[in-house]
Amino acid sequence: QLQLVESGGGLVQPGGSLRLSCAASGFTLDYYGIGWFRQAPGKEREGVSCISASEGTTVYADSVKGRFTISRNNAKMTMYLQMNNLKPEDTAVYFCAAAIPPITSVQAWCGMSTYEYDYWGQGTQVTVSS
């Protein structure tokens, strides 16, 4: 059974850092596009960052560019989101997701829309507050 489990969330002061992890099991991660999403109270889930199977493509939301870094270790079946210089507006539940890429772009694809993803973790809370 395919499963994604996030960890690493918590309470941090503005300007601080957190590293989220997403452990995958039940499938081979190598050929999946991976995305990180977040959902704040009363708001829709939004794409934060994504990375292609080959790691050759990474995309970031404008709001996190220069502060967040996405990465993956297929051998360890784990994906990461390093978050630096956190701001109160980054407060949300963060989700990792995996998607089967289009057959025409298996290695290069990643998406920033929720409908593109097939598998989701349960989420981890990130709270940025002083």
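Quantities reported herein were computed from a predicted structural model and do not represent experimental measurements.
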Undergrad: To which residues is F95 joined in a hydrophobic cluster, defined by side-chain heavy-atom contacts under 4.5 Å among Ile, Leu, Val, Met, Phe, Trp and Tyr, whether direct or through other members?
TA: F37, V93, W109, Y117, W120
Undergrad: Run the salt bridge (charged side-chain N to carboxylate O under 4.0 Å, His left out) test against R19 and tell me which residues pass, sequence neighbours left out.
TA: none
Undergrad: Return the set of residues passing side chain to side chain contact (heavy atoms under 4.5 Å, CB included) with S7 (not counting sequence neighbours), or none when no residue passes.
TA: S21
Undergrad: Is the shortest heavy-atom distance from the side chain of R67 to the side chain of M83 under 4.5 Å?
TA: no
Undergrad: Hey, does the side chain of E6 reach the backbone of G123 with a donor-acceptor pair shorter than 3.5 angstrom?
TA: yes
Undergrad: Does a side-chain heavy-atom distance below 4.5 Å link I34 with L29?
TA: yes
Undergrad: Any side chain to side chain donor-acceptor pair (under 3.5 Å) pairs touching residues 27-49, not counting sequence neighbours?
TA: R38-E46, R38-S63, R38-D90, R38-Y94, Q39-R45
Undergrad: Can you tell me if Y60 uses its side chain to pair, donor with acceptor, with the backbone of I70 under 3.5 Å?
TA: yes
Undergrad: Given side chains that start at C-beta, do those of L4 and M79 come closer than 4.5 Å, heavy atoms only?
TA: yes
Undergrad: Can you tell if the side chain of L20 reaches within under 4.5 Å of the side chain of V126, non-hydrogen atoms only?
TA: yes
Undergrad: By side chain to side chain contact (heavy atoms under 4.5 Å, CB included), which residues pair with V59, not counting sequence neighbours?
TA: C50, T57, C110, M112
Undergrad: Output a table of donor-acceptor pairs, distance under 3.5 Å, between side-chain atoms of residues 9-17 and any protein atom two or more places apart or on a different chain; print 'none' if there are none.
TA:
unit_1, atom_1, unit_2, atom_2, d
S17, OG, N84, OD1, 2.9

